[in-house]
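Residues take their numbers from the sequence shown, with the count starting at 1. We use all heavy atoms of the structure for the numbers below, so side chains are in, but hydrogens, waters and symmetry mates are not.
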Amino acid sequence: MKKIFLTLIALSATAAAQSKASHVQSVVFLGDGNSSQSRLTGVLSHDLFVSKGDSSHEDSISRVETRSALKAGFFSLVIPGAGQLYNGNYWKAAGFFAVEVAGWMVNAVWNQKGNNQTNFFQNYADGSAADKYADGHYSVARYAQWIQQNYKSFEDKGIPIAGGQYAPVTDPTTVNNYISLILPSSGGPAPWDEVNWVALNKVEAALGGYFSHMLPAHGEQQYYELIGKYPQFREGWYDENLAITSYDSLRSDTPNSGYYMGQRGKANNLYAVALTAVNVVIANHFVSAIEAALWAHNNKRIIEPTVGLSPLPDGLGYQTEVRLAIHF
C-alpha cells in the first residue's frame with residue numbers, strides 16, 4: 001500500500017464564508033500530494049491547524065466544533081470580545097475588548113477633567129476658604145442684603161409683594177415678618193452662612209412678580225446654575241450695580257457672571273464627553289454580543305464524512321478518498 005499523506009484544503013474565513021448561504025467543502029485525500037498553504041484568518045482553530053502544518057485526520061475533525069449562539073452572545077454581553085474568543089475569532093475579540101478598555105479610560109479621564117473644571121468655576125464664585133472667601137465673585141449675603149434694602153420699592157414699580165407663584169402669600173405682612181430674618185445678626189465665615197435660607201426663600205416666593213425662581217441652598221447643583229443663569233439673582237455678583245431695582249434694567253450678564261457661565265459650560269462639555277464614552281461602552285457590549293451570536297449561529301459546523309474511490313492521475317489505478325463536508 002502506498003504511503004498515506006493527508007492534504008487539507010484551507011477553509012476561508014472571509015465574510016462570504018460566514019454567511020448562511022456559504023457552503024465550504026474540505027477534502028481529505030489519502031494518497032500522494034502536498035498540503036496546501038493558507039494565510040492566517042483570525043479564526044483560532046483554523047490558524048493553529050495551519051500554522052502547525054498538522055496533517056492528522058483526527059485533529060482536523062476535532063478542531064471543527066459547534067458553537068452555541070446563546071453562549072457566544074452572553075459571553076460578549078458580559079465582557080465584549082469574550083464571545084468572539086469563544087468562537088475562535090481572536091482578532092475580533094481583541095478589537096471589541098480594546099473598545100471596552102478605551103471607553104472606560106476616556107470616561108475616567110474626562111470625568112476627572114470635568115470635576116477639576118467644576119471646582120474651578122465654583123471656587124470662582126465662592127472664593128477660597130483659606131482666604132475666608134475674600135476672592136469670591138458672588139455673595140449670596142450681598143444678594144440678600146439688596147433684597148432687604150429694596151423690597152419696598154418693588155411695589156412702587158408695580159411688582160406685587162404677595163401671591164408669589166411658588167408659595168402664594170395672601171398677607172403682605174409675611175414679607176415684613178421674614179425680611180428682617182434674611183440676614184440674622186450672627187453670621188458665619190462664608191457669605192452663605194450669614195443667610196437664613198428659609199426666610200430668604202419665603203421672601204422670594206412672596207415677591208413672585210420679581211422672582212420666578214427661589215435660590216436653592218448653597219452647594220446644590222441648581223444653586224451654581226441659577227446664580228449665573230437668571231438676572232434676578234444678578235445682584236449677588238460684585239460687579240453688578242446695587243442701585244438697580246428694576247428687573248428690566250438688569251444686565252443679562254456682567255463680566256464676572258458671563259465668564260463664570262462660560263467656565264461652567266466647559267465643565268458640562270467635559271462631562272458630555274465622559275457620558276458619550278459610557279454610551280459607546282454600552283453599545284459595544286450589545287454589538288459584540290450580537291456579532292458573536294450571529295457568527296456562532298451562521299457557522300455551526302456540520303461534518304459529513306464520506307469515503308470513496310477516485311482514479312489516480314496516471315489512470316493506472318484508484319486511490320481511497322475521504323471527504324469531509326463542513327456546512328456553515
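Under a hydrophobic-cluster definition in which Ile, Leu, Val, Met, Phe, Trp and Tyr are linked whenever side-chain heavy atoms come within less than 4.5 Å, directly or via other members, V287 and I290 are assigned to different clusters.
Under the salt bridge (charged side-chain N to carboxylate O under 4.0 Å, His left out) criterion, R264 pairs with E225, not counting sequence neighbours. Partners of H137 under the side-chain contact (heavy atoms from CB on, under 4.5 Å) rule, at least two apart in sequence or in another chain, are Y124, W237, N256. Here S257 pairs with T254 under the side chain to side chain donor-acceptor pair (under 3.5 Å) rule; sequence neighbours left out. Evaluation of the side-chain contact (heavy atoms from CB on, under 4.5 Å) rule for F75 yields K71, A82, Y86 as partners, not counting sequence neighbours. Among residues two or more places apart in sequence or in another chain, the side chain to side chain donor-acceptor pair (under 3.5 Å) test is passed with N201 by E204. Scanning for ring-ring contact (aromatic ring centres under 6.0 Å, His included) contacts around F96 gives an empty result, with sequence neighbours left out. Under the side-chain contact (heavy atoms from CB on, under 4.5 Å) criterion, V101 pairs with F97, M105, sequence neighbours left out. Annotation: side-chain contact (heavy atoms from CB on, under 4.5 Å) contacts of A217 (sequence neighbours excluded): W197, E220. Residues satisfying the side chain to side chain donor-acceptor pair (under 3.5 Å) criterion with Q149, sequence neighbours excluded, are absent altogether. Residues satisfying the ring-ring contact (aromatic ring centres under 6.0 Å, His included) criterion with F120, sequence neighbours excluded, are absent altogether.
For the pair Y260 and D253, the minimum side-chain heavy-atom distance is 4.5 Å or more. Considering only heavy atoms from C-beta on, T118 stays 4.5 Å or farther from Y224 through its side chain. With a 4.5 Å cut-off on side-chain heavy atoms, L215 and V140 count as touching. Within the 4.5 Å cutoff, the side chain of R142 has heavy atoms near those of the L242 side chain. At a threshold of 4.5 Å between non-hydrogen side-chain atoms, the residues L183 and V195 count as touching. Between E235 and I147 the shortest side-chain heavy-atom distance does not fall below 4.5 Å.
Grouped by direct or indirect side-chain proximity (heavy atoms under 4.5 Å, Ile/Leu/Val/Met/Phe/Trp/Tyr only), V198 sits alone.
Within 6.0 Å of CG on L226 lie more than 12 heavy atoms contributed by other residues, nucleotides or ligands.
Listed by first then second residue, pairs satisfying ring pair (Phe, Tyr, Trp, His ring centres under 6.0 Å) with a partner in residues 261-288 number zero, not counting sequence neighbours.
Using cut-offs of 30° and 60° on the angle between ring planes, the pair F233 and Y230 is perpendicular.
Of the N and O atoms on the side chains of E291 and W295, not one donor lies less than 3.5 Å from an acceptor on the other residue.
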